[in-house]
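In what follows, a structure is listed as structure tokens, so that the remarks can point back to it.
Note that the structure is predicted; figures quoted are calculated from it, not measured. Residue numbers start from 1 in every chain, and the chains themselves are labelled A, B, ... in the order their sequence lines are given, proteins ahead of strands.
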Amino acid sequence: MLKIHNNLTKRKEPFVPIDPKNVRMYVCGMTVYDLCHLGHARVLVVFDVVYRYLRRVYGTEHVTYVRNVTDIDDKIIARANERGEKIDQLTNHFIEEMTRDADALGVLHPDEEPRATRHMGEIIDMIQALIDKGYAYQAGKGDREGPLGDKVNGPGGDREGPLGDKVNGPGGDREGPLGDVYYDVSRFEHYGQLSGKNTDDLRVGARVEVDTAKQDPLDFVLWKAAKPGEPYWESPWGRGRPGWHIECSAMATCCLGNHFDIHGGGLDLQFPHHENEIAQSEAATGEKFVNVWMHNGFVRIDEEKMSKSLGNFFTIREVLEKYDPEVVRFFILNSHYRSPLNYSDKHLDEAKAALTTLYNALRGVTPVEGGDVQAYAARFEAAMDDDFNTPEAIAVLFELAREINRLRGSDAQAAGRLAAELVRLGGCLGLLQRDPEDFFKGRRPTEIQADYASRTTTTHNAEVASGFSEAKIEILIEARTEARKNKDWAESDRIRDELLAQGVVLEDGPQKTTWRQE
RNA sequence: GGCUGAGUGGCAGAGUGGCUAUGCAGCGGACUGCAAAUCCGUGUACCUCGGUUCGACUCCGGGCUCAGCCUCCA
């Protein structure tokens, strides 16, 4: 029985899907104005594993995973201006880069990847519903109950056009917060449940914002009026764009229904983003929004949160120049998803050594299907059932590996059966799916390797250039084998050292010598 | 200040009211021309002070330390 830690109740609870034939999960994805960093990698990988495991439990066809893309917001506008690009030129570019990183990390594609700009209709409808039900008000209209219907006929207009074309359009006449629409937090009774805050405490600590028409510092913006030169969509409240929180409410309910099973994201989204999503969605639909809230912990550097604002982040791209993507994936999954994850080269090196051990067990063993290997699977599943305890699941993988190594000399069949199981269980985590030789020889999945090679920095290319080609390595190994036959140990060791200097480690097996890239 | 979460062996990282996590590193042995890989053996870890208990690293309370949220952030 799968149990999940539900952040709404702060407890581990049995997971009971609303509809086992269609388990539904929404995860807050990226705001696409820059390359993804390791924090994004963690969300990507963690929820990929959740997705994989749900598919395993409920069947591949019975899980719907939605991960959105935020493709309009202040930072995107700012970045596009900096780069002199149109908004969708910028966002399309970084969506491509994000997909490339996700693919490299072995992340399955979600069933849907909705983009905010493609869901303006739903967003506007939801804001209207909130206004109609008295949960939202328009700035500048003192009477929050006031009829806003005078402009409701607007949204049909021409909002579907590519926004980039409109940046310099005639939108400039609207200024300031007059067209802003805010959510009235005081109207939502359960505000603060998810983040464990109460509105009184929040008000005490609230910062006073200047230049805002909020009636309460806790209120947040649903619709932001466009300033001159900003991109906009037509709405009943004038030209503008959606606030950040409303897009997720709209896309989630649009793709998965008003009430669905799991909502995930980084811990930093718990407040205010997810709290606001609940307030919006439940007020608008009158139904419970989400049963289970899951948040993954932060990636840290030197015991400090990795974040854009602190500037202490590594992009996925940078890390993949030094480490195999599967090593990065292993590193992420080797600690529990709710724990902090400290990044350092040393830890990545250890992850590499550990993954090497696993692939070593697979090397030279032919997987054989069948056999009694239930004990390992049972323990693996028990670990995963316990709130996706991947470190414990990985421990089972190592025990399997040791057993394979014990048996490989005496009972190849039995070893093969265990190897098949190791590969199968590894697959639940998106690990160990490559030919071991490819892993040892530093071959990345072809497409990605070619792609990275063409994009990586000169230092990286220089390193690669200094290494020996596989053909040259094979030739040297042959020469060494010849020397060993003649018991010319000096020559044999010289060749081994020469290869070692290039990061190639030799292993003399009973039949032949194999090698791996260090 | 308010609210979370965390403190485990050299390092990383699970877990449990009494019984081996696991990995990396180290040490001893086997194997090897020597290595590497692998196997076998090996480490009386659980922040601190009280309490509950036959028994607590594990439950409760105080303290100390760290991280996070309360502002954009995965």
For [N] versus [M], give the span between their [atom1] atoms, rounded off to a whole number of Å.
N: B:A67; M: B:C47; atom1: C1'; result: 15 Å
N: B:C11; M: B:A25; atom1: P; result: 16 Å
N: B:U22; M: B:C3; atom1: C1'; result: 35 Å
N: B:C24; M: B:G13; atom1: P; result: 16 Å
N: B:G23; M: B:G9; atom1: C1'; result: 14 Å
N: B:U8; M: B:A21; atom1: C1'; result: 12 Å
N: B:G28; M: B:G33; atom1: C1'; result: 22 Å
N: B:G43; M: B:C19; atom1: P; result: 15 Å

Looking across every strand, which nucleic acid part, if any, lies under 4.0 Å from [X] by heavy atom: base, sugar-phosphate, or nothing?
X: A:G297; answer: base
X: A:R494; answer: nothing
X: A:V299; answer: base
X: A:N296; answer: base
X: A:L202; answer: sugar-phosphate
X: A:R338; answer: nothing
X: A:K10; answer: nothing
X: A:S309; answer: base
X: A:H336; answer: sugar-phosphate
X: A:D493; answer: base
X: A:D508; answer: base
X: A:Q270; answer: nothing

* Asked: With stacking defined as ring centroids separated by under 5.5 Å and planes differing by under 30°, is A:F298 stacked against B:A67?
  -> no
Using only heavy-atom distances, decide whether a donor-acceptor pair under 3.5 angstrom links the side-chain of [X] to the base of [N].
X: A:K305; N: B:C73; result: yes
X: A:D34; N: B:C73; result: no
X: A:R42; N: B:A74; result: no
X: A:R496; N: B:C34; result: yes
X: A:K197; N: B:C69; result: yes
X: A:N334; N: B:G23; result: no

Between [X] and [Y], is there a side-chain N and carboxylate O pair less than 4.0 Å apart?
X: A:R79; Y: A:D34; answer: yes
X: A:D71; Y: A:R118; answer: no
X: A:E470; Y: A:R443; answer: yes
X: A:D508; Y: A:R480; answer: yes
X: A:D387; Y: A:K12; answer: no

* Looking only at non-hydrogen atoms, find the nearest pair between A:G106 and A:R329 and report the distance. => O-NH1, 3.2 Å
* Mind listing the closest non-hydrogen atom pair of A:A41 and A:L105 along with its distance? => CB-CD1, 3.8 Å
* To do: Using a cut-off of strictly less than 4.0 Å, decide whether A:R363 has a side-chain nitrogen or oxygen near OP1 or OP2 of B:U38.
  => no
* To do: Answer yes or no: does a side-chain N or O of A:S339 lie under 4.0 Å from OP1 or OP2 of B:A14?
  => yes
* Between the side chains of A:E326 and A:Y359, is a donor N or O closer than 3.5 angstrom to an acceptor N or O? -> yes
* Would you kindly say whether A:Y343 and A:N312 are connected by a side-chain donor-acceptor distance under 3.5 Å? => no
Give the rounded distance in Å between these two atoms: [atom1] of [X] and [atom2] of [N].
X: A:Y337; N: B:G13; atom1: OH; atom2: C1'; answer: 17 Å
X: A:H347; N: B:C11; atom1: NE2; atom2: C1'; answer: 7 Å
X: A:D345; N: B:C24; atom1: CG; atom2: C1'; answer: 15 Å
X: A:E304; N: B:G68; atom1: CD; atom2: P; answer: 6 Å
X: A:H263; N: B:A74; atom1: NE2; atom2: P; answer: 13 Å
X: A:M306; N: B:G68; atom1: CE; atom2: P; answer: 13 Å
X: A:E275; N: B:C3; atom1: CD; atom2: C1'; answer: 12 Å
X: A:L348; N: B:C11; atom1: CG; atom2: P; answer: 19 Å

Of the listed nucleotides ([options]), which one gets closest to any side-chain atom of [X]?
X: A:T357; options: B:C11, B:G23, B:G13; result: B:G23
X: A:N360; options: B:A74, B:A14, B:U38; result: B:U38
X: A:R402; options: B:G68, B:C40, B:G33; result: B:C40
X: A:A354; options: B:A14, B:C70, B:G23; result: B:G23
X: A:R406; options: B:C66, B:C39, B:A74; result: B:C39
X: A:A353; options: B:G33, B:G23, B:C24; result: B:C24
X: A:E350; options: B:A12, B:G68, B:A36; result: B:A12
X: A:A395; options: B:C72, B:U22, B:C70; result: B:U22
X: A:E399; options: B:U22, B:A36, B:A74; result: B:U22

* To do: Find which nucleotide of RNA chain B each of A:T356 and A:K346 is nearest to by heavy atoms, and output the residue with the more 5' nucleotide.
  => A:K346
* Does A:L341 or A:C28 map to a spot on RNA chain B nearer the 5' end, using the closest nucleotide for each? -> A:L341
Counting Watson-Crick and G-U wobble pairs only, both distances under 3.5 Å, name the nucleotide matched with [N], or none.
N: B:C57; value: none
N: B:G41; value: B:C27
N: B:G17; value: none
N: B:A35; value: none
N: B:G68; value: B:C3

* Asked: What do the steps show when you test A:K346 against A:E350 for salt bridge (Lys or Arg N to Asp or Glu O under 4.0 Å), and what is the final call?
  -> CA-CA 6 Å; A:K346 180 174 168 266; A:E350 283 179 8; 3.6 Å; yes
